[in-house]
Amino acid sequence: MTNYVLKNAQIVNEGQIIASDLRIENGRIAKIAADINPAPGDVVVDLSGKHVFPGMIDDQVHFREPGLTHKATIASEARAAVAGGVTSFMEMPNTVPNALTQELLADKYAIAAAGSLANYSFFMGAGNDNLEEVLKTNPRDVCGIKIFMGSSTGNMLVDNTQTLEKLFSSCEMLIATHCEDEPTVRARTELFKEKYPEDAPAYIHPLVRNEEACYLSSSMAVDLAKKNNTRLHILHISTEEELALFETGKAVKDKKITAEVCVHHLWFDAAQYDTLGNQIKCNPAIKDARHKTALRKALVTGELDIIATDHAPHTWEEKSQGFWKAPSGLPLVQHPLLLMIDLAKEGHISLELIAEKTAHAVADCFQIEERGYIREGYWADLAIVDLHKPYTVSKENILYQCGWSPLEGHTLSASVVHTFVSGHLAYSQGSFDESRTGKRLLFNR
């Protein structure tokens, strides 16, 4: 492997920003010091004026392979992720077929090993009748178990109370949940279908999938976890009300129950359905601005532990259907760091907290081995950002296979200029080096 010396960097790591050099050797961070002299053969990269973040670890993506490759592939979306400074991802099981057996889970790992530019892990899916398969999951090399406690894209709803009890009481691994109360969603769907039988405006989405649906399900998951002493991680918190379910004043590694927020719930609010319509239709729904404000504050106060994307691409044709037919989900994995940096410049979050919520806390939450921090001996997963180089999202620079983004036409204030994945310079100034693939994530469990 090529070894590198990164000179004159501003390293954003572990609660501080330090001016330093950094040496990468054999894929790992070999040295962090004020002035590093290159060894023969080292490639020197001058990062004057640039900030180095630990590569984002996105704990929730939908890369659609196998079975839905007309929407996306692992290779295409991993490429987009790396261009956005996302160096590792954890992908969800609601592909086709659903990853409900160890054999199907292994198939996804084989696809990633052959073609993912980013580091990778895949959740094992839980269904109403696959407990035996779930319990075979190896905690050393699989990120966790995913339970859909509300229906979303795919057919993986776990609505059997006895099954949920067994999963929460039997599973020693981290359980990640999608929480929306299914009876509430179904009842409100019927209510609004009576009012809008043919088509409906997109702004009804947060009225169908409302605050009550989220809180009922999340509180149920928390109760089950407390009862069974389960390691629970609730995905994509979208309401102010749910924040009361989570602790503050504790390090992530010391929590049994943790919470994730996604960039779209921090960036958009319900007022934008008028202009973006189905483009921002997702589950759980983007809701009124008061929720966005509360979620932003909760990142600082500590109720929310992790920032992710829930990247969920669909084709433009699919999203262009009427509201009732258009699928939920939006593509986001190319732009999360830049969106957060814009929020930092607006005063909502610090650069140091971005590093914590997108990398450090994810590594601690999932117990990822030797990643998530800029430390000597750790893998060199690095996102190098120019805070003063604006970047306008356009059809020409969108890398998602679906070819669209709800951010099109928006100018972000910063740019990702280089991304190192396991010490490999996978992305640099708009160009990719795909001579090496990412690595499978390992977990200290």
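The structure presented is a predicted model; accordingly, all values stated were derived computationally and were not measured.
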Are the charged groups of Glu434 and Arg79 less than 4.0 angstrom apart, N to O?
yes
Just checking, is any N or O donor in the side chain of Glu260 or Gln60 under 3.5 Å from an acceptor N or O on the other one?
yes
Cation-pi check, Lys389 to Tyr391: give yes when NZ or CZ is under 6.0 Å from the six-membered ring centre and within 45° of the ring axis, no otherwise.
no
Determine yes or no for a side-chain-to-main-chain donor-acceptor pair under 3.5 angstrom, with His62 supplying the side chain and His311 the backbone.
no
For the backbone of Glu211 and the side chain of Lys287, can you confirm whether one donor and one acceptor N or O come within less than 3.5 Å of each other?
no
The salt bridge (charged side-chain N to carboxylate O under 4.0 Å, His left out) partners of Lys108 (sequence neighbours excluded) come to Glu91
Using a strict threshold of under 4.0 Å (side-chain N to carboxylate O), is an ion pair present between Glu25 and Arg23?
yes
So how far is it from His51 NE2 to Leu337 CG, rounded to the nearest 0.5 Å?
13.0 Å
Taking side chain as C-beta onward, heavy atoms only, is Phe443 less than 4.5 Å from Pro139?
no
Quick check: does any side chain N or O of Thr69 sit under 3.5 Å from a backbone N or O of Glu65, one acting as donor and the other as acceptor?
no
Checking the side chain of Asn228 only, and the main-chain atoms of Thr230 only, is there a donor and an acceptor separated by less than 3.5 Å?
no
Between Ile307 and Ile349, is there a side-chain heavy-atom distance shorter than 4.5 Å?
yes
Could you label the plane-to-plane angle of the Phe122 and Phe89 rings as parallel, tilted or perpendicular, counting under 30° as parallel and over 60° as perpendicular?
perpendicular
Might you confirm whether atom CZ of Arg436 has over 12 heavy atoms from other residues, nucleotides or ligands at distances under 6.0 Å?
no
When you check the gap from the basic side-chain N to the acidic O, do Glu247 and Lys255 get nearer than 4.0 Å?
no
Indicate whether the side chain of Ser88 and that of Asn119 have a donor and an acceptor atom separated by less than 3.5 Å.
yes
Between Arg64 and His314, a side-chain donor and acceptor under 3.5 Å
yes
Does any donor atom in the side chain of Glu318 or Thr315 lie under 3.5 Å from an acceptor atom in the other side chain?
yes
Hey, is the main chain of His388 close enough, under 3.5 Å, to the side chain of Asp386 for a donor-acceptor pair?
yes
Are the side chain of Ser116 and the backbone N or O of Ala118 linked by a donor-acceptor pair below 3.5 Å?
yes
Whether the Glu408 and His410 side chains hold a donor-acceptor pair (N or O, under 3.5 Å, no angle test) is what I'd like checked.
no
Does Asn278 reach the main-chain N or O of Lys281 with its side chain, forming a donor-acceptor pair under 3.5 Å?
no
Lys345, NZ: over 12 other non-hydrogen atoms inside 6.0 angstrom:
yes
Taking atom types as modelled and ignoring hydrogens, do the side chains of His236 and His178 form a donor-acceptor contact shorter than 3.5 angstrom?
yes
By ring pair (Phe, Tyr, Trp, His ring centres under 6.0 Å) - contacts of Tyr120 (at least two apart)
none
To the nearest 0.5 Å, what is the distance between CG on Leu174 and CG on Leu232?
7.5 Å
Between the side chains of Ser422 and Arg371, is a donor N or O closer than 3.5 angstrom to an acceptor N or O?
yes
Side chains of Arg296 and His348 only: does a donor on one sit below 3.5 Å from an acceptor on the other?
yes
Leu22 and Ile29: CA distance, side-chain angles, deciding distance, side-chain contact (heavy atoms from CB on, under 4.5 Å) verdict
CA-CA 7 Å; Leu22 185 150; Ile29 298 166; 4.1 Å; yes
Under a 4.0 Å threshold between the charged nitrogen and the carboxylate oxygen, would Arg375 count as salt-bridged to Glu14?
yes
Does Asp269 reach the main-chain N or O of Ala271 with its side chain, forming a donor-acceptor pair under 3.5 Å?
yes
Can a donor-acceptor pair be found between the side chains of Ser121 and Tyr109 at a distance below 3.5 Å?
yes
Min side-chain heavy-atom separation Leu382-Ile24 under 4.5 Å
yes
Can you check ring-ring contact (aromatic ring centres under 6.0 Å, His included) on Tyr273 and Phe268, steps first, answer last?
CA-CA 9 Å; Tyr273 285 110; Phe268 299 109; 9.3 Å; no
Less than 3.5 Å apart, any donor N or O on the side chain of Asn283 or His205 sitting next to an acceptor on the other?
yes
Side-chain heavy atoms of Asn8 within contact of Asp46, under 4.5 Å
yes
Please tell me if the side chains of Asp433 and His424 come closer than 4.5 Å, counting only heavy atoms from C-beta onward.
yes
Distance from Leu304 atom CG to Thr248 atom OG1, nearest 0.5 Å?
11.0 Å
Is there a side-chain contact between His264 and Thr309 (heavy atoms, below 4.5 Å)?
no
With no hydrogens and no angle check, is any side-chain donor or acceptor of Lys7 less than 3.5 Å from a backbone partner on Ile36?
yes
Using 0.5 Å steps for rounding, measure from the CG atom of Leu47 to the CG atom of Asp21.
9.0 Å
Kindly say whether Val134 contributes a backbone atom to a donor-acceptor pair with the side chain of Thr137 at under 3.5 angstrom?
yes
So among Ser328, Ser217, Cys214, which one has a side-chain contact (heavy atoms from CB on, under 4.5 Å) with Pro284?
Cys214
Counterpart residues, side-chain contact (heavy atoms from CB on, under 4.5 Å), relative to Ala251 (two or more places apart)
Lys253, Asp254
Quick one: CZ on Phe63 to CD on Gln401, what's the gap to the nearest 0.5 Å?
12.0 Å
Just by distance, no angles: are the side chains of Arg231 and Thr258 close enough, under 3.5 Å, to form a donor-acceptor pair?
yes
Verify side-chain contact (heavy atoms from CB on, under 4.5 Å) between Ile237 and Ser218, making sure each step is shown before the conclusion.
CA-CA 9 Å; Ile237 295 298; Ser218 291; 4.3 Å; yes
Report yes or no: do Asp364 and Tyr373 form a side-chain donor-acceptor pair below 3.5 Å?
yes
So, do Phe366 and Asp59 sit near enough that their side-chain heavy atoms are less than 4.5 Å apart?
yes
State whether a side-chain donor-acceptor pair under 3.5 Å links Ser431 with Ser428.
no
Could you verify whether a donor N or O on one side chain and an acceptor N or O on the other, from Glu242 and Thr239, lie under 3.5 Å apart?
yes
Hey, does Asn13 have a side-chain heavy atom less than 4.5 Å from the side chain of Ile18?
no
Tell me whether Glu172 at atom CD has more than 12 heavy atoms from other residues, nucleotides or ligands lying less than 6.0 Å away.
no
The reported gap from CG in Asp310 to NE2 in His265 (rounded to nearest 0.5 angstrom) is 8.0 Å
